[in-house]
Protein chains: 2
Amino acid sequence: MKPSDPAPQTPDDRPADPRAEAFQGVRAARRSELAEDYVELIAELIHTQGEARPVDIAAKMGVTAPTVAKTLDRLAREGLVTRARYRSVFLTDEGRALAQECRRRHEIVLRFLLSLGLDAETAERDAEGIEHHVSERTLVLFSAFAIRS
Amino acid sequence: MKPSDPAPQTPDDRPADPRAEAFQGVRAARRSELAEDYVELIAELIHTQGEARPVDIAAKMGVTAPTVAKTLDRLAREGLVTRARYRSVFLTDEGRALAQECRRRHEIVLRFLLSLGLDAETAERDAEGIEHHVSERTLVLFSAFAIRS
DNA sequence: GTGATTTGTTAGCTTCGACTAACTTTATGC
DNA sequence: GCATAAAGTTAGTCGAAGCTAACAAATCAC
């Protein structure tokens, strides 16, 4: 119990370990991934089809309609989308901003992978998984590299 | 219902869309991420401390003891670890193999990020998130780049 | 070797993301 | 304009991952 306690516990929070902090960051990222995938897809659908209908979201995400419905309810609760029963889905300002941010990240990661020489299909796949876990700092390096090459 | 149906549905499965397939891949990856993080950490603890105790796993992962216990039960069910009540945790052959594979990926991603010029702390953080979403093909390019630079 | 501390477990709660089944509403075909 | 098909919703289940509270076992200290 002396101040020279071997366990350097932070006063109040849980971290205590640099690794723990990193994992908590990863967990946080995982929680928001789905939301990001949805708003990104919704923005895209609105752009290409004029509207985002649950049935199309379900098809593109590869899940069933009820799953989409529940997720959209959550997104609505979180203020990212608005919806009316039996109608298509819209993004709030916040949702639109998030979508744009996601698209930006996605683009940077994708271009980077392509500039490394990766084939288009694999690049798209990997970008989809990677984009949620890249820090701003890394993005800067990615863009610089893609431009330079 | 004619054969020239506009929706090109694959006969039996759900995919139907290249994007859907990609998302399903990402979801699959997400499911195994935690398992991978655990076996990787367990291998590391065994290496550095001689044994992997739940309490240390909890500290490093930044979660509580009961969460660790439940997850370890799942990993045991999946044949990745073995455990006895009130004793420390061991990896099965399968678990050891997975840990090694994870460590390899982690190393490659980390070295790659560092060789891009990223600071050590951010590199570690990003690697933790990215490593589960990188295809073998991308890993090859990453290693080539890290060596070449 | 007994008492306190640390570690581990059990039970029970919550949220999330997935599913199926069954139903309602909207859109379509004719 | 009415029947049918497509789309959307509701209800209910499941497993995973997190938590707290309360208890049991093991270890340490002396």
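Below, all heavy atoms of this structure are taken into account, side chains as well, without hydrogens, waters or symmetry copies. Lettering of chains follows the sequences in order, A, B, ..., and the numbering in each one begins at 1.
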Would you say [N] has OP1 or OP2 under 4.0 Å from some side-chain N or O of [X]?
X	N	result
R31(A)	dC16(C)	no
R83(B)	dT9(C)	yes
R77(B)	dA16(D)	yes
T67(B)	dA17(D)	no
R87(A)	dG8(D)	no
R85(B)	dA24(D)	no

With nearest nucleotides of DNA chain D determined for M61(B) and R53(A) from heavy-atom distances, which residue corresponds to the more 5′ nucleotide? R53(A)
Pairwise 5' ranking along DNA chain D for A65(B) and E78(B), keeping only the more 5' one: E78(B)
In terms of side-chain heavy atoms, does E33(B) have a donor or acceptor partner in H133(B) at a distance below 3.5 Å? yes
If you measure only the distance, is there a donor-acceptor pair under 3.5 Å linking the side chains of E101(A) and H106(A)?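 Result is no, nothing qualifies.
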Does R103(B) come within less than 4.0 Å of E44(B), counting only side-chain N to carboxylate O? no
Is any NZ, NE, NH1 or NH2 atom of the basic residue among D56(A) and R53(A) found under 4.0 Å from an Asp or Glu carboxylate oxygen of the other?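 Salt bridge flag = yes for R53(A) with D56(A).
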Applying a 4.0 Å non-hydrogen cut-off, can you work out what R30(A) is touching in the nucleic acid: base, sugar-phosphate, or nothing?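 It contacts nothing in the nucleic acid.
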Taking atom [atom2] of [N] as reference, at what distance in whole Å does atom [atom1] of [X] sit?
X	N	atom1	atom2	value
D73(B)	dG15(D)	CG	P	15 Å
L72(B)	dT9(C)	CG	P	8 Å
R27(A)	dC16(C)	CZ	C1'	15 Å
I57(B)	dG18(D)	CD1	C1'	16 Å
E51(B)	dT27(D)	CD	C1'	12 Å
D37(B)	dA17(D)	CG	P	11 Å
K70(B)	dT10(C)	NZ	C1'	10 Å
E36(A)	dG17(C)	CD	P	12 Å

From C-beta outward on [X], which listed nucleotide comes closest to its side chain: [options]?
X	options	result
R74(B)	dG8(D), dA17(D), dG12(D)	dA17(D)
P66(B)	dT9(D), dA18(C), dA21(D)	dA21(D)
A69(A)	dG8(D), dT9(D), dG12(D)	dT9(D)
V63(B)	dG8(C), dC19(D), dT25(C)	dC19(D)
Y86(A)	dT20(C), dT24(C), dG12(D)	dT24(C)

Is it the case that more than 12 heavy atoms not belonging to Q100(B) sit under 6.0 Å from its CD atom?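 It does not: Q100(B) CD has 12 such atoms or fewer within range.
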Closest non-hydrogen atom pair, A120(B) against L114(B): CA-CD2, 3.9 Å
Which is more 5' along DNA chain C, the nucleotide nearest P54(B) or the one nearest L34(A)? Just name the residue.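 It is P54(B) whose nearest nucleotide is closer to the 5' end.
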